[in-house]
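First the structure, in the form of structure tokens, and then the observations on it.
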Amino acid sequence: MEKGEEVSNKQIIFKDYITGFPKETDMVLSTGTIKLKVPEGSNAILVKNLYLSCDPYMRSCMAKLDKPNYVPSFTPGSPLTGVGVAKVLDSNHPNFKEGDLVWAMTGWEEYSLLTMPDNLNKITDTDVPLSYYVGSLGMPGLTAYAGFYELCSPKKGEKVFISAASGGIGQLVGQFAKITGCYVVGSAGSKEKVDLLKNNFGFDEAFNYKEEHDLDAALQRYFPEGIDIYFENVGGKMLDAVLLNMKFGGRIAACGMISQYNLEKPEGVHNLFCLISKQIRMEGFLVYYYRHLYPKFLDFILPLIKEGKIAYVEDIVEGLENAPGALIGLFTGRNVGKQVVVVARE
Ligand code: NAP
């Protein structure tokens, strides 16, 4: 393909703002064209997208919000945006050249003109699967690292519970906790995922929350002496049951509450008084504000991955046209591991 050539560019277009559960028909495949050259005088970078990440926060971007939100909404009629791994095809920016590999916010399309190159992360270690840069070596990895180590201050022997434990973040938190010498239990939504937690990621115990009619009793079974650390990914009924089972002085990292994202009216949480009576520290966080830790995080996790001490399971879907189905699957638990879409393999 020649520099400056005009080529077709498949895109996933966001149709319009939604309420309730997202559907594949909220997005549509369209084909436009793009010139494979950065416009003269611009600082932008032209990339070929290789891997796209499906992330639960993207549901927030599909809503029309009347108040400022932590992420901007998608623009109806334009491609969705998300984190991706891409290859630089043309650049006027001094820090990037043709052939560089990067991970960054990009478009759900084959080629993107990225106008904010300062937000790009150059990939220097390619001795690992490139797709990991939207997973264990990217935003989800840093989220697991910051949430667990910075917010929870874990100690050897402590009892850790993780919800949505087989997902892109949960599977890492569990393995970090095992490396720290903790007792680790995870919940997930199928037998296949429960087996993965115990057999691939080394969790001490795991259970299928969909088969438990009494979550409080399930947690008592696995934590007869209580929970020191809860890594919160789901919210709702699980959070309520966890609060009853936390130990005095426990810590909760509030990472996400996916069970609430598609509800028109969020469920209430009834057991918040436990925060006071058991002096629990519950803290919400956004990975964006921990991005300064990224180099330290890479130094920590890259050797562990290369030495096979951390496993990472991805759910890889081939083809941009299958991205909408992959994204909505997060909200019914269709994904087994980190959900990635392959647009092109270099
Ligand atoms: P993920 O776990 O890879 O995928 C989402 C999983 O959530 C699904 O596979 C499903 O697994 C579970 N789920 C879906 N609906 C549910 C429901 N109603 N009740 C319980 N579980 C449900 O996602 P991830 O990327 O690791 O993200 C995990 C959480 O972290 C999300 O809440 C996300 O919003 C949050 N997050 C926060 C930050 C931050 O900066 N704070 C950054 C990234 C992500 P099951 O089969 O187990 O139900």
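Atoms within a ligand are numbered from 1 in the order they appear, just like the ligands themselves.
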Side chains of Val313 and Gln171: does their closest heavy-atom pair fall under 4.5 Å?
->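 They are in contact (side-chain heavy atoms under 4.5 Å apart), so the answer is yes.
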Between Arg221 and Glu212, is the closest basic N to carboxylate O distance under 4.0 Å?
->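 Yes, charged N to carboxylate O under 4.0 Å.
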Give the numbers and elements of all ligand 1 atoms closer than 4.0 Å to a heavy atom of Val287.
->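 Answer for ligand 1: 39 (C), 40 (O).
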For ligand 1, which atoms, with element, lie under 4.0 Å from some heavy atom of Tyr209?
->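 Heavy-atom distances to Tyr209 below 4.0 Å select 19 (N), 20 (C), 21 (N), 22 (C), 45 (P), 47 (O), 48 (O).
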Do any N/O atoms on Asn335 end up under 3.5 angstrom from N/O atoms on ligand 1?
-> yes
Ser259-ligand 1 polar pair, N/O distance under 3.5 Å |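 Among all N and O atoms of Ser259, none is under 3.5 Å from an N or O of ligand 1.
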Min heavy-atom dist [X] to ligand 1 below 4.0 Å:
X      : answer
Tyr288 : no
Lys338 : no
Met257 : yes
Gln260 : no

Tell me which protein heavy atom sits closest to atom 2 (O) of ligand 1, plus the residue, atom name and distance to 0.1 Å.
-> Gly167 CA, 3.2 Å
For atom 6 (C) of ligand 1, what is the nearest protein heavy atom, given as residue, atom name and distance?
->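 The answer is Leu330 O, 3.9 Å.
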Between Tyr288 and Arg291, is there a cation-pi geometry (under 6.0 Å to ring centre, at most 45° from the normal)?
-> yes
Cation-pi check, Lys178 to Phe201: give yes when NZ or CZ is under 6.0 Å from the six-membered ring centre and within 45° of the ring axis, no otherwise.
-> no
Taking atom NZ of Lys237 as the centre, does the number of heavy atoms from other residues, nucleotides or ligands within less than 6.0 Å exceed 12?
-> no
Could you name the option among Gly329, Gly168, Gly189, Cys255 that has the heavy atom nearest to atom 37 (C) of ligand 1?
->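 It is Cys255 that holds the nearest heavy atom.
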Val173 and Asn233: CA distance, side-chain angles, deciding distance, side chain to side chain contact (heavy atoms under 4.5 Å, CB included) verdict | CA-CA 11 Å; Val173 177; Asn233 284 320; 5.9 Å; no
Side-chain heavy atoms under 4.5 angstrom apart, residues restricted to Ile, Leu, Val, Met, Phe, Trp, Tyr: same cluster for Ile328 and Val341?
->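 Yes, it is one cluster - the side chains of Ile328 and Val341 are joined through contacts under 4.5 Å.
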